[in-house]
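The block underneath contains the structure these notes are about, expressed in structure tokens.
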Amino acid sequence: MGIDLVAMCVNDLVVQGAEPLFFLDYFATGKLDVAAGKDIISGIAEGCRQAGCALVGGETAEMPGMYAKGDYDLAGFSVGAAERGQLLPAEDVKTGDVLLGLASSGVHSNGYSLVRRIVERGGLSYDGEAPFAPGRKLGEALLDPTRIYVKSTLAAIRAGTVKAMAHITGGGLIENVPRVLPEGVVAEIDGAAWALPPVFKWLAKEGGVAAHEMARTFNCGIGMVVVVAADKAAEAERLLTQGGETVYRIGHIRTRQGDEAQSQVLNQEDWA
């Protein structure tokens, strides 16, 4: 849980071209469970190590009567810095630019209302074996930590190969990518450019979730979308791969026709 909190904050910083500098957390509960608190703070510390930022402090609050036994509230924020000339998105995102997709590690902290509903309707136990990951408990497999993309993407940004980046959180591939695009273009994403990970295939089948709804709810295996110029795509891909990412060329930017949606996922036949 702690590492996911850090990931959401620092990934949202780096898409602006910023390097995360430090992080602070807020942990509130009715009565402190030392073991649970230790696990959470350990996760936060690990997230900060992966992001290269400092954990400079935080607040722990016990509020009996406010929280039920075992419940807690976790929040945090990160501060980053960017050179003025490297702020993202750049103003020259245009037709012909290439979309690179960086692989996710799983569901990535979003869409869990639907995940829980699918698990409940299927009568499944979180302690039982995951149908999509033999040998692992369902709860464990669904909670694989969110990837932190900071170090790999900062290297590509500093090399001048990145025009824009979209962190794929709530809203999936459909609603997040348009946030970094100018009005006159569309991100056309090829859903056949990567294999839909087993967890998402299972969610789609078990929950009867249509392909478009999958792309509007989940990251579907792509945790970050990077917009690059066509002549810099190979170098960006090399730097990101060198930084530990699994990189897919998932589409391109084209001219927008009328008021059509600014992010479109095509070729989703194998997603069902």
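These numbers come from a predicted model, not from an experiment.
A donor-acceptor pair is defined here as one N or O able to donate and one able to accept, closer than 3.5 Å; no such pair exists between the side chain of D97 and the backbone of I253. A distance-only check finds a donor-acceptor pair linking the side chain of H108 to the backbone of R147 [under 3.5 Å]. A donor-acceptor pair under 3.5 Å is absent between the side-chain atoms of Q264 and the main chain of E188, judged by distance alone. The main-chain N or O of G170 is found under 3.5 Å from a side-chain atom of N110 such that the two form a donor-acceptor pair. Judged by distance alone, with hydrogens and angles left aside, the side-chain atoms of T241 form no donor-acceptor pair with the main-chain N or O of R238 at under 3.5 Å. A donor-acceptor pair under 3.5 Å links the side-chain atoms of N11 to the main chain of Y149, judged by distance alone. Remark: side-chain polar atoms of T29 are paired, donor with acceptor, to backbone N or O of D71 under 3.5 angstrom. Looking only at distances, a side-chain donor or acceptor of K163 sits under 3.5 Å from a matching main-chain atom of D92.
A salt bridge links R158 with E19: the distance from a Lys NZ or Arg NE/NH1/NH2 to an Asp or Glu carboxylate oxygen falls below 4.0 Å. E260 and R254 are joined by a salt bridge, as a carboxylate oxygen and a charged side-chain nitrogen come within less than 4.0 angstrom of each other. Under the 4.0 Å criterion applied to side-chain N and carboxylate O atoms, E129 and R136 are not assigned as salt-bridge partners. Salt-bridge check for R256 with E183: passed, with a basic side-chain N closer than 4.0 Å to an acidic carboxylate O.
Across G17 and A82, no two heavy atoms sit closer than the pair O-CB, 3.3 Å. Listed here is the closest heavy atom pair of V6 and C48: CG1-N, 3.9 Å.
Side-chain contact between I40 and Y72 is present, with heavy atoms from C-beta onward closer than 4.5 Å. Looking only at side-chain heavy atoms (C-beta outward), K137 and Y126 stay at 4.5 Å or farther from each other. Contact of the T255 side chain with the V186 side chain is not registered, since no non-hydrogen atoms from C-beta on lie closer than 4.5 Å. Counting heavy atoms from C-beta on, the side chains of M214 and F200 come closer than 4.5 Å. Looking at T169 and M8, their side chains come closer than 4.5 Å, going by heavy atoms from C-beta outward. Counting heavy atoms from C-beta outward, L266 and I189 have side chains that stay 4.5 Å or more apart. With contacts defined as side-chain heavy-atom distances shorter than 4.5 Å, the pair V14/L88 does not qualify. Side-chain contact check for D190 versus V265: every heavy-atom pair is 4.5 Å or farther apart.
Here the two rings, on F23 and F77, have centers that are 6.0 Å apart or farther. Between W202 and W271, the distance separating the two ring centers is not shorter than 6.0 angstrom.
Remark: the S105 side chain and the D144 side chain contain no N/O donor-acceptor pair separated by less than 3.5 Å. E235 and T161 share no side-chain donor-acceptor pair at under 3.5 Å.
For the salt bridge (Lys or Arg N to Asp or Glu O under 4.0 Å) condition, no pair includes a residue of residues 79-91, sequence neighbours left out.
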Residues K201, E206; criterion salt bridge (charged side-chain N to carboxylate O under 4.0 Å, His left out); working and verdict: CA-CA 8 Å; K201 277 187 170 291; E206 182 72 18; over 6 Å; no
